[in-house]
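Values below: every heavy atom of this structure, side chains too, minus hydrogens, waters and symmetry copies. Chain A is the first sequence line, chain B the second, and so forth, proteins listed ahead of strands; every chain is numbered from 1.
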Amino acid sequence: MPEVITRFAPSPTGHLHIGGGRTALFCWAFARRHGGTFLLRIEDTDQTRSSEESTRGILEDLAWLGIDWDEGPQFTPASGPLAGRTLGGDPRGVGPFYQAQRVAAYNAELERLVRSGRAYAAFEGAAELDAKRAAAVAAKQTYRYERPADVTPGVFNEARWKRAQAGETHVVRFVAPADEVIVRDEVLGEVRYAAGEMDDFVIRKADGFPTYHFAVVCDDAAMGVTHVLRAQEHLNNTPRHVALQAAMGYPTPMYGHMPLICNMDGSKMSKRDKAKAARAGLKQAIQKEGGKEAPVIERIAAATAVPAAEIEAFLKGDTDAVEIAAKIGAALGLTLPEIEVHDFRRNGYLPGAINNFVSLLGWNPGMKTDDGKDLEKFDTAFLAEHFGTERIGKTASKFDRVKLASFNSDAINAMSDAEFARGWRAWLREEGTGPYAGLLSLDDQRFAVLAAAVKPRAKTYRDALRPAGFALLGDDFGFDAKAVDKNLKGNDGLGLLRKFRAGLDGLGEWTPATIHAAVEKFVADQNLPNPGPIAQAVRVALTGAGVSPGLGETLFVIGRERSLKRIDRCLAEFGA
RNA sequence: GGCCCCGUCGUCUAGCCUGGUCUAGGACACCACCCUUUCACGGUGGGGACAUGGGUUCGAAUCCCAUCGGGGUCACCA
């Protein structure tokens, strides 16, 4: 295969969608596998929705996943697997990589098309077209833009172009081909679109910016892109691109359309799902309030600093803004579905697990492990070596968060204790505030022991907070009545606890190992059949409930002084 | 609705191209048991799928057709 150039071309309208992450990963892997170039292009031709902040967020998300781009916006990640490396650049001089900065080039190409009679200026207003479209829908007919009578394919329509040049508001439309269009797809095979299916679509908007279709085709050609891997939702756009390429004399790259990633209910996984979840929660809250909207909206407005009017609009469905959804979700204590790479990062997933899991959605290495099972655990280096379009599937897959959690749990357990401690600490710092920030004030040794204890019990960094909760307990915690009855009042818990407490005074060093040994010795001395009774009594005394990691770790993390104090307090409270 | 894509356990999938080795394999989840100091981890075992109907063939999950089902897309968004 000659040189391979792939690209990932997100539009900066928010964080990177998890499906976009997979697309980027596959494009990256394909380029790496063939020793080619992977470039990143920012498709910011929608002035109203694009933002620099989003671009930055996407670059960060990609870097966090460990996906490095050879060409594109320059970026030096501060942390993560690519920390300190400068990504992007323009060694071939094919930039800039922001479409908004390439408008002059698009216009030159566009004029060429117009003068050759393959495109023309059109003057209908958006409102007028909307009305026609609506009428067509009402009549259960398919709407197609009707080519004006004075436009002849292949003939430069100078009159229209002059009006446009004179400043009249207009769009530019492409003269759709009269013939069948065939899309050759690496994954799907040949896909045929009958003659006349395509209408004269817009290639330059009234604001002077190109539409997606035109910009992509120009840029892919200008940047020498050889392989376009993207999600199947784009399949129906491809004939337009192919037609455009033919009209402009550009080569058509190899296309590969990947199956969609769906929710468990089968619908396409989209950022809007967050809004849906938040709205549902909001409605439920209102229902609880007896159907009164005002008090709920007011309460949330106060808690989130989002204007009440915006919340009302959100409730009505006028907007699906992710930021509003996130704030409302937080105010209501809802867990919004993870959709963007950033969501998974915040919830304590590992990039390795995400990459691995997402790769398996629509691709499979088709290999066996040594014990004959299907190979499904691998890293990006493996992808860079083995990824190819031949094994991309055709069927959409559902995003099973439970399986992801299992992958993440495995990835966590594959880390050394030290690695996990480092990663967990970094994550805690990133999350910053919250009731769990206290874990960061633990000294290194305690933090390390706690991390190791919590590791096998955690599916994600966030999930690790649950078993670590005991380490944050104040000394005045309350006791779980059931646990007290069972483990203190029953099983001679209090008696054993008292004896165990007495022995603790003589314990020399206070380490997980010495504590563990002390428990074992106690069990032997007391002729207990198993450590259960004393272990559970100690747990209740130290944490108020019968659940904690191993006793050695638990007592060590809590500390000698506080452990003894707590046992004494417990003895005093229930021992009388 | 038009157009396009797809259809193997609940889910992700292997097998399909190059029919027989498929009484359909693996993973996640679930259930049971074992391990156990609680919670986890781990170990062993179990139930569970070729959408339906027609062909072709000695033989079909694999090839063909139809039906049904699911999804995507129909913007001056990308």
With a non-hydrogen cut-off below 4.0 angstrom, is [X] in contact with a base, only sugar-phosphate, or nothing?
{"X": "A:R133", "answer": "sugar-phosphate"}
{"X": "A:T45", "answer": "sugar-phosphate"}
{"X": "A:H516", "answer": "base"}
{"X": "A:R391", "answer": "sugar-phosphate"}
{"X": "A:R230", "answer": "nothing"}
{"X": "A:E124", "answer": "base"}
{"X": "A:P549", "answer": "base"}
{"X": "A:G366", "answer": "nothing"}
{"X": "A:R192", "answer": "sugar-phosphate"}
{"X": "A:G550", "answer": "base"}
{"X": "A:G125", "answer": "base"}
{"X": "A:Y193", "answer": "sugar-phosphate"}
{"X": "A:N413", "answer": "nothing"}
{"X": "A:H257", "answer": "nothing"}

Open item on the list: On RNA chain B, does the nearest nucleotide to A:D400 precede the nearest nucleotide to A:L404 from the 5' side, or the other way round? Give the residue.
Closed with: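 Looking at the nearest nucleotide for each, A:D400 comes out on the 5' side.
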
- [ ] With RNA chain B as reference, determine whether A:F399 or A:R49 sits nearer its 5' end, using the nearest nucleotide of each.
- [x]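 Going by which nucleotide is closer to the 5' end, it is A:F399.
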
Open item on the list: For A:R173 versus A:D200, what's the shortest heavy-atom pair and its separation?
Closed with: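 Smallest heavy-atom distance, with atoms named: NH1-O, 2.7 Å.
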
- [ ] Might you point out which heavy atoms bring A:D44 and A:A100 nearest each other, and give the distance in Å?
- [x]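 The pair with the smallest heavy-atom distance is OD1-N, 2.8 Å.
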
Taking [M] as the reference, what is the distance to [N] when you measure between their [atom1] atoms (whole Å, please)?
{"N": "B:C39", "M": "B:C33", "atom1": "P", "value": "14 Å"}
{"N": "B:A75", "M": "B:U52", "atom1": "P", "value": "37 Å"}
{"N": "B:C17", "M": "B:C65", "atom1": "P", "value": "15 Å"}

TODO: For the residue pair A:Y212 and A:H241, categorise the inter-ring angle as parallel (less than 30°), tilted (30 to 60°) or perpendicular (more than 60°).
DONE: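 Judged by the thresholds at 30° and 60°, the geometry between A:Y212 and A:H241 is perpendicular.
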
Open item on the list: Quick check for you: name the first and last nucleotides of RNA chain B, 5' to 3', having an atom under 4.0 Å from a heavy atom of chain A.
Closed with: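 Here the contact window of chain A covers B:G2 to B:A78.
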
Open item on the list: For A:E390, I'd like to know if atom CD has over 12 heavy atoms of other residues, nucleotides or ligands within 6.0 Å.
Closed with: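 Enclosed.
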
Task: Side-chain donor-acceptor contact under 3.5 Å, A:R49 with A:T13 - done: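 No, no side-chain donor-acceptor contact under 3.5 Å.
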
- [ ] Indicate whether any N or O donor in one side chain lies under 3.5 Å from an N or O acceptor in the other, for A:R539 and A:Q536.
- [x]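 There is such a pair (donor and acceptor under 3.5 Å, judged by atom type) between the side chains of A:R539 and A:Q536.
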
- [ ] Check whether any side-chain heavy atom of A:C570 sits under 4.5 Å from a side-chain heavy atom of A:L497, and report yes or no.
- [x]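 A side-chain contact under 4.5 Å exists here.
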
Open item on the list: Give me syn or anti for B:C65, where syn covers glycosidic angles within 90 degrees of 0.
Closed with: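 Here the answer is anti: the torsion falls beyond 90° from 0.
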
TODO: Check step by step if ring pair (Phe, Tyr, Trp, His ring centres under 6.0 Å) holds for A:F407 and A:F344.
DONE: CA-CA 13 Å; A:F407 269 53; A:F344 292 97; over 10 Å; no

